[in-house]
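What follows is a single structure, written as C-alpha cells, with notes after it.
Numbers restart at 1 for each chain; the letters A, B, ... are given by sequence-line order, proteins then strands.
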2 protein chains.
Amino acid sequence: MKKKKTFRPTESELEILQVLWNKAPATVRQVHEAMEHNRDTGYTTTLKTMQIMAGKGLLARDTRSRTHLYTPLVSREECQQDILGKMMNGLFKGSAARLVMGALDSEKLSGEDLQEIRAFLEKFDDKKP
Amino acid sequence: MKKKKTFRPTESELEILQVLWNKAPATVRQVHEAMEHNRDTGYTTTLKTMQIMAGKGLLARDTRSRTHLYTPLVSREECQQDILGKMMNGLFKGSAARLVMGALDSEKLSGEDLQEIRAFLEKFDDKKP
DNA sequence: ACAGAAATACGAAAACATTCGTAGCAAATA
DNA sequence: TATTTGCTACGAATGTTTTCGTATTTCTGT
C-alpha cells in the first residue's frame, strides 16, 4: 500500500511557495525580494528556510551554478486540498456549505467567480438529480 | 480608530474551541473528556492550555466556584473569517472560486448543502445583477 | 592580483507551542 | 477526623519554527 504523504508547509514555508508557484525556478534572492514588502526578515532567514524545505522534499534545488535555483515539488493544488481538508475536519466540521458561504461572504466575488461556481454546482446536480 | 484584533488560535486551542462552541460554559474536565477520544494527552495539559487561552483573551473564565467555568470569547464565525481571509490572501490568492470548488470537491455534499449554497448565490446575484 | 560584493553552509539563539509532573487546596467520604 | 479524590497553579522539559550571525567560497570589477 502506498504511503500517503501529507504536505504540511509551515506558515513561512507557505509564503515561499507562493512566490515559487508564481514563477519557478527562482533564486533565493528573487524569492526574498518578492517577499520583502510584506515581511521584515533577513536574507539568510529566507535562505535557511528554503534549504530546510529542500531537505524536507518540498523544493527541488539545482546546484549546478553557484547561485542555486529552486523549484516547488508540491503543487498549489496539493497544498490547497490538504489544508482545506484539515479545515473541513476542524473548523468547519464537515459543513462544506458553511465554508463556502464564509468564503463568499469574506470576499468580493467577480462575475467570473460566480459563473465558475455555478457551473461547478451544476455538475453536482447532474450527479445527484 | 479601532484596533482590529486578529484571532489566531493555535491547533490545540482550536480543538478546545470546537468543544466550547458546541456547549458553553464548560469545565476543564468536560472539555477534556470531550476530546479524549481523539487526542491522547493528560488532563493538566488541557487545563494549562485553557488557562493560557484565558490569558490571551480567547476564553472567559468564571472562578466563582472552585470548579471554573469557561466560555469562548471568540465566535466560530470570527475564526472562520480570520482563517479564510488568510487563505484567500495566501493560498488561494484572491480566487474565491478556486477555494470554494476545492471545498466542494473534498466533501460529499448533501442536497441540503447544495440548496443552501445555491440560495446564497442568488443573494449575490440580486446584489450585482 | 586584490578588494568588495554576493552566495552558501551551519550552528545556535529566540520565540512559540505542547506536554506533563508536582505541589497545594478544598471538598467529599469513610 | 483522616483519607482519598478532584481541582487549580505553576514551573519546567520537550519539540518545532523562525531568525540571524559568522565563516567560507566564488564571482566581479578595477
Which whole-number value in Å describes the distance from [X] [atom1] to [N] [atom2]?
X	N	atom1	atom2	answer
Leu58(A)	dT16(D)	CG	C1'	15 Å
Glu33(B)	dC7(D)	CD	C1'	13 Å
Asp62(B)	dT8(D)	CG	P	12 Å
Ile16(A)	dT17(D)	CD1	C1'	12 Å
Met53(A)	dT18(D)	CE	C1'	13 Å
His32(B)	dT8(D)	NE2	C1'	15 Å

Please walk me through it: do Leu17(B) and Met53(B) pass side-chain contact (heavy atoms from CB on, under 4.5 Å)? CA-CA 10 Å; Leu17(B) 283 171; Met53(B) 291 172 78; 3.7 Å; yes
Test side-chain contact (heavy atoms from CB on, under 4.5 Å) applied to Asp62(B) and Thr71(B), step by step: CA-CA 8 Å; Asp62(B) 178 345; Thr71(B) 313; over 6 Å; no
For Tyr70(B) and Leu59(B) the tightest heavy-atom approach is CD2-CD1, 3.9 Å
Provide the closest heavy-atom pair for Glu13(A) versus Thr10(A) in the form atom of the first, atom of the second, distance. OE1-N, 2.8 Å
If the threshold is 4.0 Å, N to carboxylate O, is there a salt bridge linking Arg8(B) and Glu11(A)? yes
Test Arg61(B) against Met50(B) for side-chain contact (heavy atoms from CB on, under 4.5 Å), laying out the working first. CA-CA 9 Å; Arg61(B) 133 166 102 163; Met50(B) 289 176 72; over 6 Å; no
Could you write nucleotides 8-18 of chain C as a row of B, S and -, 5' to 3', where a protein heavy atom under 4.0 Å of any base atom gives B, of only sugar-phosphate atoms gives S, and otherwise -? BBBBB----SS
